[in-house]
Amino acid sequence: EVMKYELVHWQDVKNDMKIYEDSDNNEGFVFGINVLDEDSDEVVDVQWFKTEQERADVLQENEEKL
């Protein structure tokens, strides 16, 4: 079963949530994965990473498990 997900960036999430403080950088975890519900496309989980490479590695690991 394939996991549905979307890639997100902290700056976009901040804008959506109307957080305008530049100092809020999610403690450096700015590259995210929103895991989506298979049927409703609602976000059911979020994971954050400090680098794009870390995020890519996790996505690759998950794809290899399926």
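The residues of the chain are indexed from 1 along the displayed sequence. What's counted below: heavy atoms across the whole structure, side chains too, no hydrogens, waters or symmetry copies.
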With sequence neighbours excluded, what pairs up with Leu7 under the side-chain contact (heavy atoms from CB on, under 4.5 Å) test? Tyr5, Ile33, Arg55, Leu59

Quick check on the hydrophobic clustering: are Val30 and Val8 connected, directly or via other members, by side-chain heavy-atom contacts under 4.5 Å? yes

Would you check if Asp41 and Lys4 make a side-chain contact, meaning some heavy-atom pair closer than 4.5 Å? yes

Applying salt bridge (charged side-chain N to carboxylate O under 4.0 Å, His left out) to Asp24 and not counting sequence neighbours gives none

With sequence neighbours left out, write down each residue that passes side-chain contact (heavy atoms from CB on, under 4.5 Å) with Val43, or none if nothing qualifies. Glu6, Asn34, Leu36, Val46

Applying ring pair (Phe, Tyr, Trp, His ring centres under 6.0 Å), which residue pairs with at least one partner in residues 13-33 are found, sequence neighbours left out? His9-Phe31

Identify the heavy atoms of Phe49 and Val58 that sit nearest to each other, and give their distance. CE2-CG2, 3.5 Å

I need the Glu27 CD to Asn25 CG distance, nearest 0.5 Å. 8.0 Å

Not counting sequence neighbours, list each pair that qualifies as a side chain to side chain donor-acceptor pair (under 3.5 Å) and has a residue in residues 42-53. Gln53-Asp57

